[in-house]
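Okay, structure first, notes after.
Numbered from 1 within each chain, the chains take letters A, B, ... in sequence-line order.
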2 protein chains.
Amino acid sequence: MQQVANTQTMTDIFNDLRRIFQALNEQSKQAEKMTGLTGPQLWAIQTIARETSIQVSALAGKMFLHPATVVGILNRLEGRGLIVRNRTKRDRRVVEIELTEAGKAFVVSSPEVPQGKLASGLLSLSATEMDEVHRSLQCLVSILDAQDIKPAPIKAVLPKNNQRS
Amino acid sequence: MQQVANTQTMTDIFNDLRRIFQALNEQSKQAEKMTGLTGPQLWAIQTIARETSIQVSALAGKMFLHPATVVGILNRLEGRGLIVRNRTKRDRRVVEIELTEAGKAFVVSSPEVPQGKLASGLLSLSATEMDEVHRSLQCLVSILDAQDIKPAPIKAVLPKNNQRS
DNA sequence: TAATATTTATTTGTATACAAATTATTTGTG
DNA sequence: CACAAATAATTTGTATACAAATAAATATTA
């Protein structure tokens with residue numbers, strides 16, 4: 001009984017997370033319509049803005065993203081003239097990223113970027129409710145940060161991909 | 001003061017959500033290593049398995065995904081011979097999706113798919129803790145489901161994309 | 001010093017994910 | 001019946017996101 005109840009709640013939790021994920025994705029699209037930049041792009045220039053200068057791997061770290069992902073985002077921001085890349089003389093492997101004047105102006109003109117529905121919804125909660133949400137998410141984060149469990153590989157029989165006609 | 005505290009908690013919440021999404025994404029990769037299918041692909045065949053037969057738009061609905069996204073996932077599953085598509089005679093616009101024998105065997109051979117770290121972590125929580133998590137996520141979902149707020153467009157000045165060299 | 005290993009960023013390839021446009025079909029209206 | 005509107009799936013184009021391979025530079029070790 002207990003087991004069944006827990007399993008059901010767990011399924012609900014998975015679905016909740018999916019819904020939240022979809023919704024945040026939508027917000028990114030909405031942000032794009034309003035500002036011309038996607039959520040991750042805005043997040044990136046705001047993170048850069050707080051540092052005056054930062055290297056790619058450090059930026060990836062602050063954004064919890066893979067460097068390869070950040071490179072793509074930087075390409076688009078550079079294409080729009082909002083950032084510049086400079087290889088340092090000290091160590092020619094590292095690339096320092098800086099905002100251009102246009103980039104700085106952009107950050108100022110969309111201050112903190114209204115994160116949309118979620119932000120305003122959260123701010124309307126009482127401090128108690130907000131803390132409960134925070135605590136619950138922290139709980140999930142700590143579960144996910146926990147040591148790898150490495151369940152035994154199941155590896156069902158699976159035909160190779162034949163391509164579609 | 002209150003405002004500052006709330007804003008800080010809100011930032012924390014955003015970061016928590018990002019961490020959770022990254023971690024779930026990783027789990028999808030891990031699931032792929034174990035079963036040969038990605039998280040969304042597993043999710044899809046399991047959803048199909050519960051219905052014996054389902055059309056594309058209905059599947060998209062159940063998965064909270066855009067039909068275009070589901071088409072891509074179905075192409076890959078079809079390429080592996082796990083599903084088949086059939087246009088119905090009744091209405092030749094609709095496509096019915098079914099599992100092949102291989103697909104059914106696959107679903108059975110990885111029953112419910114161990115969702116990994118998050119699942120086992122959640123199951124180790126007390127019922128009370130788990131309910132708190134559930135309630136909090138529901139709170140976020142209902143915020144995000146709420147009527148569109150449509151904040152005034154900010155539309156900062158933004159140069160066109162010049163392409164990268 | 002020469003060979004090896006490591007580090008930093010980028011490229012390549014694959015898989016989501018969505019909007020907008022398209023195709024084929026069906027339904028509704030004049 | 002014919003033409004318009006609506007519907008279902010797909011295609012096209014763009015943007016994440018990551019792993020694995022690569023390139024270039026630096027550090028380490030023999």
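Within 4.0 Å (heavy atoms only), B:Thr69 reaches at least one base atom of the nucleic acid.
In this structure, the nucleotide among D:dA9, C:dT8, C:dA15 sitting nearest to the side chain of B:Arg76 is C:dA15. Among the nucleotides C:dT26, D:dA17, D:dT26, the one closest to the side chain of B:Arg92 is C:dT26. Listed candidates were D:dT10, C:dA17, D:dA17. Nearest to the side chain of A:Leu65 is D:dA17. Of the candidates C:dA9, D:dA17, D:dA15, the closest approach to any side-chain atom of A:Thr38 belongs to D:dA15.
Between the CD1 atom of A:Ile73 and the P atom of D:dA17 there is a distance of 6 Å, given to the nearest Å. Across the protein-nucleic acid pair, A:Glu32 atom CD and C:dA17 atom P stand 18 Å apart, rounded to whole Å. Rounding to whole angstrom units, CG of residue B:Leu74 and P of D:dT11 are separated by 12 Å. Atom C1' of nucleotide C:dA9 and atom CG of A:Asn75 are separated by 11 Å, given to the nearest angstrom. A:Arg90 has its CZ atom 16 Å from the C1' atom of D:dA24, to the nearest Å. Atom pair B:Gln41:CD and C:dT16:C1' shows a separation of 10 Å (rounding to whole Å applied). Rounded to whole angstrom, the span from the CZ atom of B:Arg85 across to the P atom of D:dA9 amounts to 10 Å. Straight-line distance from the CH2 atom of A:Trp43 to the C1' atom of D:dA15: 15 Å, rounded to whole Å.
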Any N/O pairs under 3.5 Å between the protein and nucleotides 20-23 of chain C? List them or say none.
none

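The distance from the OG atom of A:Ser136 to the NE2 atom of B:His134 is 11.5 Å, given to the nearest 0.5 Å.
Nearest heavy atoms, A:Ala44 versus A:Leu59: O-CD1, 4.4 Å. Contact between A:Cys139 and B:Val133 at its shortest, heavy atoms only, is SG-CG2, 4.3 Å. The shortest heavy-atom contact between B:Thr52 and B:Glu98 is O-CG, 3.2 Å. Pairing each heavy atom of B:Leu82 with each of B:Leu37, the nearest pair is CD1-CD1, 3.8 Å. Considering every non-hydrogen atom in both B:Ile97 and B:Gln55, the closest pair reads CD1-C, 4.2 Å. Closest heavy-atom contact between A:Ala60 and A:His66: CB-C, 4.2 Å.
Where B:Lys89 and A:Val95 meet DNA chain C, the nucleotide closest to each residue was compared, and A:Val95 sits on the side nearer the 5' end. Comparing B:Val56 and A:Asp91 against DNA chain D, the residue whose closest nucleotide sits nearer the 5' end is B:Val56. When each of B:Gly39 and A:Arg87 is assigned the nucleotide of DNA chain C with its nearest heavy atom, A:Arg87 is the one assigned upstream, toward the 5' end.
A:Ser53 and A:Glu96 are linked by a side-chain donor-acceptor pair at a separation below 3.5 angstrom, with hydrogens and angles left out of the test.
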Criterion side-chain contact (heavy atoms from CB on, under 4.5 Å) on A:Ile73 and A:Leu65, from CA distance to verdict: CA-CA 11 Å; A:Ile73 294 171; A:Leu65 291 178; 4.2 Å; yes
Between B:Phe106 and B:Thr100, does a side-chain contact (heavy atoms from CB on, under 4.5 Å) hold up when you go through it step by step? CA-CA 10 Å; B:Phe106 187 91; B:Thr100 60; over 6 Å; no
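At least one side-chain heavy atom of B:Arg135 sits less than 4.5 Å from a side-chain heavy atom of B:Glu132. Counting heavy atoms from C-beta on, the side chains of B:Lys62 and B:Arg50 never come closer than 4.5 Å.
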Starting at the 5' end of nucleotides 2-7 of chain D, put B wherever the base has a protein heavy atom under 4.0 Å, S where only the sugar-phosphate does, and a dash everywhere else. -----B
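Near-neighbour residues of DNA chain D inside residues 57-64 of chain A, defined by a heavy atom below 4.0 Å, are absent.
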